[in-house]
Each structure stands twice: as structure tokens, then as C-alpha cells.
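In what follows, every chain begins at residue 1, and chains take the letters A, B, ... in the order their sequences are listed.
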Amino acid sequence: MKRREALGGRLARLKKEGLNPPLNEKETKNRQEAFGLSRLEGWTEINPCLWRRSVRYDNPLDESYSRSLVLPADQLVKELIFYDTETTGLSTGAGTIPFLIGIGMIHKEYFDVIQLFLSDYPGEIHLLKELNNIFQEEAVYVSYNGKTYDSHLINTRFLMNGLKVNHRFEVDLLYPSRRLWKKILTDCRLGSIEKDILGINRGPDIPGAEIPDVWFDFLKNGKTEKLERVFSHNLQDIYSLAILLHTIELITDGIVTHIPYDRFALGKLLLFHKRDEGIELLERELKRGNRKAGEFLSLYWKRMGEWEKAVDLWKEMNKRGFHYFSVEELAKYYEHHLKDYGEALKLIDKILKGPVPPSPEIKDKLLHRKKRLIGRLAQRD
DNA sequence: GGCGGTTAGACTTCGACGTA
DNA sequence: TACGTCGAAGTCTAACCGCC
């Protein structure tokens with residue numbers, strides 16, 4: 001009869017090896033067969049219930065995007081980590097876990113994607129530790145909706161497992177994508193952007209809503225048929241993230257012309273980042289008939305104290321037909337900046353008698369302004 | 001179906017200026 | 001000098017949207 005190991009000895013062994021001691025070769029093979037994963041390409045069980053594989057692509061990115069709007073200044077692409085999780089549900093509460101994590105990184109001319117797969121719950125601690133090994137503190141993390149979803153989920157799992165959460169600098173491509181394509185696409189899901197903007201055809205893909213059930217079905221019945229589609233879905237998400245980042249960078253640098261995007265939104269964004277190309281873009285948009293672009297640019301000049309440029313724009317916009325915004329701004333300019341109350345009054349009358357009758361609310365505002373101007377003129381006389 | 005980041009619009013605050 | 005008004009800037013809030 002096998003002698004029971006003394007408690008002290010067992011505790012010492014657990015401390016050294018952890019709750020799940022490493023598997024020997026035979027055990028590994030048995031488990032692969034038991035999980036059915038050995039039939040799937042490239043997977044190795046690196047810890048109990050934690051599997052890993054690497055997939056190599058050509059690098060779709062440039063060396064760096066020194067004038068990037070979405071990345072930190074002079075960010076090198078080799079320090080970027082693209083990531084995406086597949087989870088057991090949508091809630092970021094304690095009951096949801098990531099069972100598959102894809103991590104994309106640049107290695108010289110290659111874009112390598114590491115996938116970590118959890119074949120059962122006890123492997124989670126190993127998954128998180130492995131993630132910690134891969135994640136580097138100085139890296140910049142690129143995701144899609146990761147700020148809201150993936151990063152919270154990962155942080156929650158670290159906390160639940162008593163692991164330290166390191167701060168990660170996150171670049172979420174959802175928001176720049178929304179700016180560029182919100183008005184062009186019906187929605188800005190990654191799949192829609194892939195299909196309609198990046199021209200990527202995924203082929204048969206698994207809908208995200210079905211993903212949790214695939215994993216639960218695998219846990220209960222060991223079914224791996226649909227699992228491969230989940231792995232592919234995750235790989236595609238990671239690779240698309242890289243293509244998307246590259247495309248956004250080319251668009252902001254004015255290199256891409258064949259892809260549709262909201263030029264007004266990009267102009268605003270460039271101007272916000274004090275990039276002169278924003279001015280050119282908004283001027284071009286105004287010439288194409290987009291008065292909103294002119295309004296935005298004129299307010300920018302006004303804020304900068306460049307009155308001449310602002311006034312030129314207001315006058316130019318009015319040449320193209322009556323434009324309430326420009327006339328009102330000119331009236332403000334004459335009243336408050338030049339103290340030319342007579343000219344301001346003429347402009348207010350122009351709006352009141354203009355081709356488009358103002359709403360009662362605006363009319364009240366204009367009449368109030370008119371009364372004030374008449375008072376000031378009388379005072380001056 | 002829960003969560004939370006972003007955004008646009010509403011609201012508030014503040015400084016400049018004119019008037020009594 | 002005190003008060004009122006205006007426009008600009010800053011702050012707040014509600015709605016939207018994408019993740020599985």
C-alpha cells in the first residue's frame with residue numbers, strides 16, 4: 001500500500017509546483033487526445049488546461065508612424081501589442097472569463113500572433129501568468145473597444161486571481177474609426193469596417209454571440225468542430241486590427257485616396273492636434289460645398305485671434321448664398337471687435353429681411369441685439 | 001443583455017466691456 | 001464703482017454604441 005505523504009511534505013511540494021504540477025510527456029499526450037485538441041493544428045498544452053500556438057503573417061505595418069494621430073508621438077510599431085479576447089459572455093462581471101486571447105506583435109518582417117486557449121477553468125491562473133510574461137509594461141496596447149470591454153475583463157480576472165494589475169497604455173481603434181466612418185457606414189463594428197472599408201472577406205465566420213456556447217459545448221461534450229472557427233475568428237480580428245491601424249495612418253497622412261472617409265471629421269481631428277493639413281482639408285471641404293467645414297475653420301481662426309482669416313471665410317461663405325451663421329458672426333465681429341455698430345446693425349437687418357425667415361426664437365434674439373445696437377448708436381451720437 | 005468610453009449638446013462660470 | 005450683458009471656455013449629463 002502506498003504510504004501517504006506527510007502534510008508538511010505535501011504543502012512544500014504544492015508550494016514548489018503549484019496546484020497543478022507539470023505534466024510528463026505521456027500525460028500531455030493523453031490530455032491532448034482527451035481534449036481533441038491534438039487534431040487541431042499547432043496547439044501545445046504549455047500548462048494544465050492552457051494551450052498555446054503561434055501563427056506567422058507578413059508584417060502589414062510600417063516601421064513607425066512618426067506623425068500618427070492615434071499612437072503616442074514617435075511610437076515604434078515593434079512596441080505595439082495588438083490583442084483581442086474571446087470570452088464566456090458579454091458582462092464584464094466576475095462570472096465572465098476570457099477563454100481565448102490573441103496577441104499580435106511585430107518581429108522584424110513578420111507579424112506573429114500568439115493565441116492562448118483555456119481548455120478548462122483551472123487553467124485560468126496559468127493563462128494570466130503567461131499573459132503577464134508576454135505583456136510588457138512599456139508596450140502600447142491596440143484593441144477594438146478594448147478600453148470598454150477587454151481591458152476591464154482582463155483586469156477583473158487578474159484581481160480575482162490575486163495578481164497585480166499593471167497599468168497598460170491602450171489605443172482603442174474604435175474611436176478613430178467612428179470619427180472616420182460613422183457617417184458612411186450603418187455601424188462601426190470591426191466586421192463592417194473590414195468588409196466595407198478594408199475590403200477583407202472573412203469567408204464563413206462565427207457570429208460573436210455564438211462564441212460562448214462553442215466553448216461551453218467543448219467543455220461539456222469535448223466538441224472541437226466549431227472551436228477552430230473561433231480560433232480563426234480571433235486570428236482574423238488581430239490581423240484586421242493591424243491592417244486597420246495601417247489604413248488609418250495612411251488616411252491621416254493623405255496617402256490613401258481610394259478609401260471613403262469623413263473628410264470633415266478628419267479635418268477637425270487634425271486641427272485638434274494642431275496639424276496644418278487639417279486647415280487644408282477643411283478648406284477643400286468648404287470648396288466642395290460643406291459649410292460646416294467652413295464654420296468650424298472660421299471658429300478656429302477666431303479662437304486663434306486670426307480675425308482676418310475668420311472674416312474672409314464668413315464673407316466667402318455668404319457669397320455662396322445667404323448663410324445665417326456667417327452673417328451673425330460678422331455682426332458680432334463688427335459690434336464687439338471693431339465697435340462699428342452701424343455695420344453690425346445692417347447685418348442684423350440683413351438676417352431679419354433675409355430669404356429665410358428666422359424662427360421666432362432666433363428672431364427674438366436678433367431683435368434684442370438690434371435694440372442694443374440702436375441704443376449704442378444713439379449713445380454715440 | 002451589462003458596462004463604460006466617447007461625444008454632442010445643455011448648462012454654468014468667468015472675464016471683458018459698456019453704461020449709469 | 002457697481003451692475004448688467006455678452007461671448008468664450010469649461011463642466012456636466014444623457015444618449016449612443018460595440019464588445020461576446
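A/D150 comes within 4.0 angstrom of nothing in the nucleic acid, heavy atoms only. A/T85 comes within contact range of the sugar-phosphate backbone alone, with a heavy-atom separation under 4.0 Å but no base atom that close. Within 4.0 Å of A/D237, counting heavy atoms only, lie sugar-phosphate atoms of the nucleic acid but no base atom.
Taking the six-membered ring wherever Trp is involved, the centroid distance between the rings of A/Y341 and A/Y334 does not fall below 6.0 Å. Checked against the 6.0 Å centroid criterion, the rings of A/Y239 and A/F82 do not qualify as a close aromatic pair.
Neither OP1 nor OP2 of B/dA8 sits under 4.0 Å from any side-chain N or O of A/R178. A close approach under 4.0 Å does not occur between any side-chain nitrogen or oxygen of A/K332 and OP1 or OP2 of C/dC6. Neither OP1 nor OP2 of B/dC3 sits under 4.0 Å from any side-chain N or O of A/H152. Under 4.0 angstrom from either OP1 or OP2 of C/dC6 there lies at least one side-chain N or O belonging to A/H368. Note on A/R372: a side-chain N or O is less than 4.0 Å away from OP1 or OP2 of C/dC6.
Listed by residue number, the members of residues 291-315 of chain A with any heavy atom below 4.0 angstrom from DNA chain C are A/K302, A/R303. Within residues 207-215 of chain A, the residues approached by DNA chain C to less than 4.0 Å at the level of any non-hydrogen atom are A/G208, A/I211, A/P212, in residue-number order.
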Q | Annotated protein contacts, base or backbone, on nucleotides 10-20 of chain B with a non-hydrogen cut-off under 4.0 Å, one of B, S, - each | A | -------SSSS
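When rounded to the nearest whole Å, the span between CG of A/L90 and P of C/dC17 equals 16 Å.
Side-chain proximity of A/T148 to the nucleotides B/dG2, B/dG5, B/dA8 is greatest for B/dG5.
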